[in-house]
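This report refers to the structure that appears directly beneath it.
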Amino acid sequence: MNDSLVRTRFAPSPTGLLHIGGARTALFAWLYAKTNSGSCLLRIEDTDKERSKQEFTDEIINSFNWMGVNFDEDVVYQSKNHDRHLSVAKELLKSGKAYVCDCSKERLDRLRKEQQEQGLNPKYDGKCRDLSLSESDNTVIRFKNPENGSVIFQDLIKGEIEFRNEEMDDFIIVRSDGAPTYNLCVVVDDLDMQISHVIRGDDHINNTPKQINVFKALKVESPTYGHVPMILGEDGKRMSKRHGAVGVSEYRDMGILPQAFMNYLARLGWSLGDQEIFTSDELVNNFSSGNLNTAPASFSLDKLTWYNKEYLNAMEFNDLVDLIPSEHIKNDQYSKNVIELIRDRCNSLNDFSTESQYFYNKPEVFREEDKNKAIKENTLNLLSSLSERLSDLAEWKSDSIQEEIKVFVEEQEIGFAKIGIPLRLSLTGSLNSPSIDKVCELLGKEEVIERIDFALKSF
RNA sequence: GGCCCGUUCGUCUAGUGGUUAGGACAUCUGGUUUUCAUCCAGGCAACAGGAGUUCGAUUCUCCUACGGGCUACCA
């Protein structure tokens, strides 16, 4: 293979959201290309007209844009190569590497059933292999797979893999309706796109020898293959809807940062010593010197969340402000102060709106259990005295507020918690919040007094 | 059933023919914080099993078990 020109591709079917497993495979294909100064192309395998939808193609492309995986050159639509696929099939037919078969589906089903019952590998028995039938309405074209020997290839990830030709089928390359099939289309497209390295999920391992044989029949060199293990759900089972979000766009919508997402996905199966945090550039620069695991990996939302928090913490304040969805958070100073205050309490972009809501909406109802925790015998009197003290406070700054509360607590000979808890509940409607003095400062004196008054009535 | 791939803490992984088998997430315990979160310190926790090769195997080989994939006129 010409190592100086690395060209990889990712080839999804547009039949659903970009799956997290596919995104990871694509990321590896992309990183492999980039680390070798090569290109990575996107090919949409839309030949299944029934299931393929334009909206899914758009969604896939959007997801990659969001992730920061940028494909080179134009997107290739497999359906547009239909004629080319067919002409290669004819070529194969002409050169005797393929043949016309008129076996009925019924016969094939029966055959398969018998073979399975006998513990054999189900495969076409070659009835029409040497019949030289001519094409008609109900015929298909089958590839004439070699009968002896084996296909041996060096997998980039798994090492040497061998398949005996006798295990392989004379698989169909053109259906009776004239549509070329997957294993032919892939070969033709990879060839035409000059793909040097096919990096794909390891569910394709057993398609590989078939495809290599087609390359051989076409008398061209086959690409190098690398099979990435699949990604499993948290329970170690195959990823599915049951496991929560499987679509990349769902993670975006959850408030995950693309950098965190990419970093997490890369580290899921790939590693470089003990390093956990990698920028996109670091990934590109170090991918080849790292190590790709041969075993499937389980997805962990906990760890993704941890990455997200790391990136959130490291982010420049102004960049962060720009990213926060603006339900009620505006780009004004008050909101900036709010963001600053709640920043380290947030694991995702979306947390900012839930964590900040009491800065924008007065508490209206208090939960019984919270009231039970916060309100003791003398609480109401204490709260109301504190309210008076605060309203007389000259300087409305967190330091002076805290000082005032401390003095108050000492005078009353009570613990801080005795007044701190009900105060927090009054102001935020919750038992948890940032430092109460900081919350007071931000809310403003008038608002604080008002909220305490309201709480006094509701408690 | 057949073929193929895989197996280091709960999870992601590092690692070596001789290591106290390392790190990260999660978890637990302390400290900080009036609360929660953050932060800091510390703890628990793994080489699937069995043979063989070897002075010595987690590391090399084989077998078994378990898990996964594929087995279409889907891609």
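What you see is a predicted model, and the numbers here were worked out from it, not measured in a lab.
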Pick base, sugar-phosphate or nothing for A:Lys105, based on heavy-atom distances below 4.0 Å to the nucleic acid.
-> base
Assign A:Gly269 to base, sugar-phosphate, or nothing according to its heavy-atom contacts below 4.0 angstrom with the strands shown.
-> sugar-phosphate
In whole angstrom, give me the gap between the C1' atoms of B:U58 and B:G15.
-> 10 Å
Check whether the side chain of A:Ser176 and the base of B:C73 form a donor-acceptor pair under 3.5 Å.
-> yes
So, do A:Phe278 and A:Tyr307 have ring centers that fall under 6.0 Å from each other?
-> no
Which part of the nucleic acid, if any, lies within reach of A:Ser433 when heavy atoms closer than 4.0 Å are counted: base, sugar-phosphate only, or nothing?
-> base
Checking all strands, does A:Leu431 fall into the base, sugar-phosphate, or nothing category for heavy-atom contacts under 4.0 angstrom?
-> base
Looking at B:G69, B:C5, B:U7, which one has an atom nearest to any side-chain atom of A:Ala295?
-> B:U7
If B:A41 has a Watson-Crick or G-U wobble mate with both distances under 3.5 Å, name it; if not, just say none.
-> B:U29
OP1 or OP2 of B:G69 less than 4.0 angstrom from a side-chain nitrogen or oxygen of A:Arg238, does that happen here?
-> yes
Using the P atom in both, what is the distance from B:C4 to B:C63, to the nearest Å?
-> 11 Å
Taking only the side-chain nitrogens and oxygens of A:Ser298, find out if one of them lies under 4.0 Å from OP1 or OP2 of B:U11.
-> no
Would you indicate what A:Phe163 reaches in the nucleic acid, counting non-hydrogen atoms under 4.0 angstrom: base, sugar-phosphate, or nothing?
-> sugar-phosphate
A:Ile205 CD1 to B:G2 P: how many Å, rounded?
-> 19 Å
Walking RNA chain B from its 5' end, the first of A:Pro180 and A:Ser300 to be reached, judged by nearest nucleotide, is A:Ser300
Rounded distance in Å between the C1' positions of B:C9 and B:A45 | 5 Å
N or O in side chain of A:Asn313 less than 4.0 angstrom from B:U38 OP1/OP2 = no
Backbone of A:Leu427 reached by a side-chain donor or acceptor of A:Arg424 within 3.5 Å | no
Ignoring hydrogens and angles, answer whether the base of B:G23 and the side-chain atoms of A:Glu276 contain a donor-acceptor pair closer than 3.5 Å.
-> yes
With the side chain counted from C-beta on, respond yes when A:Phe215 and A:Pro223 share a heavy-atom pair under 4.5 Å apart, and no when they do not.
-> yes
Whole-Å distance between B:C25 C1' and A:Trp306 CH2?
-> 7 Å
So what does A:Asn293 touch, heavy atoms closer than 4.0 Å: a base, only the sugar-phosphate, or nothing?
-> sugar-phosphate
Base, sugar-phosphate, or nothing for A:Arg112, non-hydrogen atoms under 4.0 angstrom?
-> sugar-phosphate
What nucleic acid atoms does A:Pro296 come within less than 4.0 Å of, heavy atoms only: base, sugar-phosphate, or nothing?
-> sugar-phosphate
Closest approach of A:Lys309 to A:Asp344 (non-hydrogen atoms, all atoms of both residues) = NZ-O, 3.1 Å
Check every atom of B:G68, B:C5, B:C25 against the side chain of A:Ile161 and return the nucleotide holding the closest atom.
-> B:C5
Looking only at side-chain atoms of A:Asn207, point me to the closest of B:G1, B:A75, B:U13.
-> B:A75
Could you tell me whether A:Pro12 contacts a base, only the sugar-phosphate backbone, or nothing, with contacts defined as non-hydrogen atoms closer than 4.0 Å?
-> nothing
May I ask you to say what A:His227 touches in the nucleic acid, namely base, sugar-phosphate or nothing, with a heavy-atom cut-off under 4.0 Å?
-> nothing
Among B:A24, B:G69, B:A72, which nucleotide sits nearest the side chain of A:Asn206?
-> B:G69
With a 4.0 Å cut-off on heavy atoms, is A:Asn183 in touch with a base, just the backbone sugar-phosphate, or nothing at all?
-> nothing
Using atom P of each nucleotide, how far apart are B:C12 and B:C47 to the nearest Å?
-> 16 Å
So what does A:Glu234 hit on the nucleic acid, given a heavy-atom distance under 4.0 Å: a base, only sugar-phosphate, or nothing?
-> nothing
Assert yes or no for the condition that the ring centre distance of A:Phe287 to A:Trp270 is strictly below 6.0 Å.
-> yes
Considering only heavy atoms and no angle criterion, is a donor-acceptor pair shorter than 3.5 Å present between the side chain of A:Asp274 and the base of B:G22?
-> yes
Classify the nucleic acid contact of A:Ser52 as base, sugar-phosphate or nothing, counting any heavy atom under 4.0 Å across all strands shown.
-> nothing
Are A:Lys210 and A:Phe171 in a cation-pi setup, meaning NZ or CZ lies under 6.0 angstrom from the ring centre and within 45 degrees of the ring axis?
-> yes
Hey, can you tell me if A:Phe153 and A:Phe163 have their rings parallel, tilted or perpendicular (30° and 60° cut-offs)?
-> parallel
Pairwise 5' ranking along RNA chain B for A:Arg24 and A:Asp109, keeping only the more 5' one = A:Arg24
Taking the same atom, P, in B:G10 and in B:C44, what whole-Å distance lies between them?
-> 14 Å
Mark yes or no for a side-chain to base donor-acceptor pair under 3.5 Å between A:Lys303 and B:A26, with no hydrogen or angle criteria applied.
-> no
Searching all strands shown, indicate the nucleotide that pairs with B:U7 (Watson-Crick or G-U wobble; both distances under 3.5 Å).
-> B:A65
Determine the interatomic distance between C1' on B:U59 and the same-named atom on B:A14; round to the nearest Å.
-> 13 Å
